[in-house]
Amino acid sequence: MKVLITGAAGFVASSLIYFFNKNDPSIEITGIDDLSFGYKQRLKNLNLKFINQNIETFISQNISKKFDVIIHCAATAPLPDNEINPSKSFENNVVNSIRIAEYCTKINCDRLIFFSSGAIYENDTVFPSKESTHHETTLVYPTSKMCAEHALRGYALSYKLRVFSLRLFNLYGPRQDYFRKQPPLIGYVTKCLLKGEKATLYSNGEQRRDYIYIKDVYQIVKILLDFKTNDFYTTINVGNGVTYSVNEIVDQLCKIANKELKIERKLAGDFWDKYPDLFNKPLPLDKNIIIKEVNKYSEANIDKLKKLLKFTPKISLKEGLQECYAYALKYFENN
C-alpha cells in the first residue's frame, strides 16, 4: 500500500510514520512538509520518502503519482497563531484541504483521512459532545476546521471520495512540541520538570479536558486504511470519553518524574499575552473569549468510534504520560 502523509515533520504525522515503520513496514510512505511548523529532526531514522515542499507545489509536480490513501495532517494548529494570521490559517487549514481532495480526484485515490479537531465543539454546553453536521464556532482555528469539513463533505459526495474526518480531542504523545511560543500542556510541564524551570499555568488548574494518546490514534488510522463503508463522508470523535484536570496531569507527571514542580499561576485572560498584536488593534480580541477557552470543558462521546470501528482507546493516562516522560528524558539528554 502506498500512503501520502502531509505535514510529515509535525507531531501527529511523524508519530504515525514511526508506528507504521515499526508495525506495518510494507506500507510505502511519502511524506511532505514545508517545515513552516514541523521539525525535520522528527523524521530522523524514519523510513519514508520525504519531500520538502508545500502542498500546492507538490500537487503541481506530482499529478502522475499513485497513492492508495492520503492522510492529511498538515495544518496551522496553535490557536493564537491562527488568530494572528487568519488568512494564512484559512489557506493552510481550508484551502490546502480542498487542494488535497481535488488531488485525490485527479490521481484516482478514493480514500482520504483528514485530521479535524474536537475544538469545533468549543461552544458546546451539553456533554459529552456528539458528532453532528454543523457547529457554531468562534475562534479562527475551530472555524477553519469546520469549514474544511464542509468542503471535504462536498467533495466526498460529489466525487464518491471516501473521507474520514477525525475530530481529535486533546491529543498527546512523546513527539509533542516543547519549545513553541505556547507549547501544549504536557510537553511544557515535562520540559519544566526536566530543566528545573518554573511553570506558568493559567486559571486554577481545575479545567477538565478529554485526552487521547497518539498510539490509540495510530490504531484508528490503521483500521481506516481499508475500512469498508457505504458512506462517503464520516466524522468520528477521537477521544477517551474520560476527562482529567490540569492539576491531575501535573500531579501525575510529578510522580513519574519524582520531582516537585514550581508553579506560577496567572489569570486565564493573560494566557495569550505573548501575542500582543491581538490586543493592540483598534478592535482588539475580546479577552473574555480567551478566558472561556482556557476554562472550557471538553468530553467526547465515543459511541460512534466504538460501534462503527469496534475500537476503544487502550492507553491509560498514566501509561501515556510515562512514555512521554521517558522519551523527553532521552531527548533532553541528547540535546
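For this chain, numbers begin at 1 and follow the sequence in order.
With hydrogens and angles left out, the side-chain atoms of T138 and N123 include a donor and acceptor closer than 3.5 Å. Side chain to side chain, N247 and S245 fail the donor-acceptor criterion of an N or O pair below 3.5 Å. Between the side chains of S89 and Y141, no donor N or O sits under 3.5 Å from an acceptor N or O. Counted by atom type alone, Q182 and Y275 present zero donor-acceptor pairs between their side chains at under 3.5 Å. Looking only at atom types and distance, the side chain of N93 has a donor-acceptor partner in the side chain of N82 under 3.5 Å away. Side chains of D24 and Y218: a donor-acceptor N/O pair is present below 3.5 angstrom, by distance only. No side-chain donor from either of Y103 and N62 sits under 3.5 Å from a side-chain acceptor of the other.
Between G173 and Y213, the shortest heavy-atom contact is CA-CE1, 3.7 Å. The two residues K66 and N108 come nearest to each other via the heavy atoms NZ-O, 2.7 Å. Closest heavy-atom contact between C147 and F90: SG-CE2, 4.0 Å. Of all heavy-atom pairs between I302 and N240, the closest is CD1-O, 3.4 Å. Closest heavy-atom contact between I186 and Q176: CB-OE1, 4.0 Å. When all heavy atoms of G239 and I212 are compared, the pair lying nearest together is O-CD1, 3.6 Å.
At distances below 3.5 Å, not a single donor-acceptor pair connects side-chain atoms of N237 with backbone N or O atoms of A300. Put simply, the side chain of N92 never gets that close to the backbone of A75: no donor and acceptor are under 3.5 Å apart. For the pair K314 (side chain) and T312 (backbone), a donor-acceptor distance under 3.5 Å is present.
One finds no salt bridge joining E122 and K296 here, because no Lys/Arg side-chain nitrogen approaches an Asp/Glu carboxylate oxygen to under 4.0 Å. With salt bridges taken as basic N to acidic carboxylate O contacts below 4.0 Å, none links E248 and R209. Between E131 and R167, no side-chain nitrogen of the basic residue sits less than 4.0 Å from a carboxylate oxygen of the acidic one, so the salt-bridge criterion is not met. A salt bridge links K287 and D273; the closest N-O separation between the charged side-chain nitrogens and carboxylate oxygens is under 4.0 Å.
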**Report entry** From CA spacing to verdict: side-chain contact (heavy atoms from CB on, under 4.5 Å), I59, E102
**Finding:** CA-CA 10 Å; I59 288 173; E102 184 162 6; over 6 Å; no
Query raised in the report: Checking side-chain contact (heavy atoms from CB on, under 4.5 Å) for the pair V94/H150: CA distance, chi angles, key distance, verdict?
Result: CA-CA 10 Å; V94 184; H150 282 302; over 6 Å; no
Query raised in the report: Taking it one step at a time, do I256 and Q252 satisfy side-chain contact (heavy atoms from CB on, under 4.5 Å)?
Result: CA-CA 6 Å; I256 292 167; Q252 188 69 251; 4.2 Å; yes
Report task. Check the pair Y39, D177 against side-chain contact (heavy atoms from CB on, under 4.5 Å), reporting the backbone distance first and the verdict last. Result -> CA-CA 9 Å; Y39 304 112; D177 200 321; 2.8 Å; yes
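Among the candidates S116, S97, S144, S165, the single residue satisfying the side chain to side chain donor-acceptor pair (under 3.5 Å) test with E149 is S116. Partner of V69 under the side chain to side chain contact (heavy atoms under 4.5 Å, CB included) criterion, chosen from R162, R111, K2: R111. No option in W272, Y188, F271 other than F271 meets the ring pair (Phe, Tyr, Trp, His ring centres under 6.0 Å) test with Y202.
Under the 4.5 Å side-chain heavy-atom criterion for ILVMFWY residues, a single connected hydrophobic cluster contains both I17 and L225. Cluster annotation: F50 is connected to Y18 through the hydrophobic network of ILVMFWY side chains, with a link wherever side-chain heavy atoms come within less than 4.5 Å. A single hydrophobic cluster is seen to contain both F115 and V3, as judged by linkage of ILVMFWY side chains at heavy-atom distances under 4.5 Å, directly or through other members. Residues I113 and L157 do not share a hydrophobic cluster, defined by chaining ILVMFWY side chains whose heavy atoms lie under 4.5 Å apart. The hydrophobic cluster containing I120 does not contain I98, counting ILVMFWY residues as joined when their side-chain heavy atoms lie under 4.5 angstrom apart, directly or transitively.
F179 does not carry K191 over the face of its six-membered ring by the limits of under 6.0 Å from the centre and within 45° of the normal.
No side-chain heavy atom of V189 sits under 4.5 Å from any side-chain heavy atom of I249. A 4.5 Å side-chain heavy-atom check between S203 and V246 finds every atom pair outside the cut-off. Between N21 and I29 there is a side-chain heavy-atom pair separated by less than 4.5 Å. Looking at I84 and L278, their side chains come closer than 4.5 Å, going by heavy atoms from C-beta outward. Side-chain contact between D81 and F37: present, with at least one pair of heavy atoms (C-beta onward) separated by less than 4.5 Å. At least one side-chain heavy atom of L194 sits less than 4.5 Å from a side-chain heavy atom of L329. Counting heavy atoms from C-beta on, the side chains of V221 and F19 never come closer than 4.5 Å. Using a 4.5 Å cut-off on side-chain heavy atoms (C-beta onward), E91 and R99 make contact.
Taking the six-membered ring where the residue is Trp, Y178 and Y331 present tilted rings, their angle falling between 30° and 60°. Using cut-offs of 30° and 60° on the angle between ring planes, the pair F67 and F58 is tilted.
Distance CZ/F20 to CD1/I27: 4.5 Å, rounded to 0.5 Å. With rounding to the nearest 0.5 angstrom, the CD atom of Q53 is 11.5 Å from the CG atom of D33. To the nearest 0.5 Å, the span separating CG on L46 from CG on L16 amounts to 11.0 Å. Going from atom OH of Y172 over to atom OG of S15 covers 12.5 Å, rounded to the nearest 0.5 Å. Taking CG of L253 as the start and CG of L321 as the end, the distance is 4.5 Å to the nearest 0.5 Å. Rounding to the nearest 0.5 angstrom, the gap separating the OH atom in Y121 from the CG atom in N301 is 8.5 Å.
Around CZ of R208, the count of heavy atoms belonging to other residues, nucleotides or ligands within 6.0 Å exceeds 12. Within a 6.0 Å radius of CG in N334, other residues, nucleotides and ligands contribute more than 12 heavy atoms. Other residues, nucleotides and ligands place no more than 12 heavy atoms under 6.0 Å from the CD atom of Q41. Within 6.0 Å of CD in E260 there are 12 or fewer heavy atoms belonging to other residues, nucleotides or ligands. For CZ of F279, the number of neighbouring non-hydrogen atoms (other residues, nucleotides, ligands) closer than 6.0 Å is greater than 12. At most 12 heavy atoms of other shown residues, nucleotides or ligands fall within 6.0 angstrom of atom CD in E56. For K40, the NZ atom counts as loosely surrounded, since its 6.0 Å shell holds 12 or fewer non-hydrogen atoms of other residues, nucleotides or ligands. In N258, the CG atom is not crowded: 12 or fewer heavy atoms of neighbouring residues, nucleotides or ligands sit closer than 6.0 Å.
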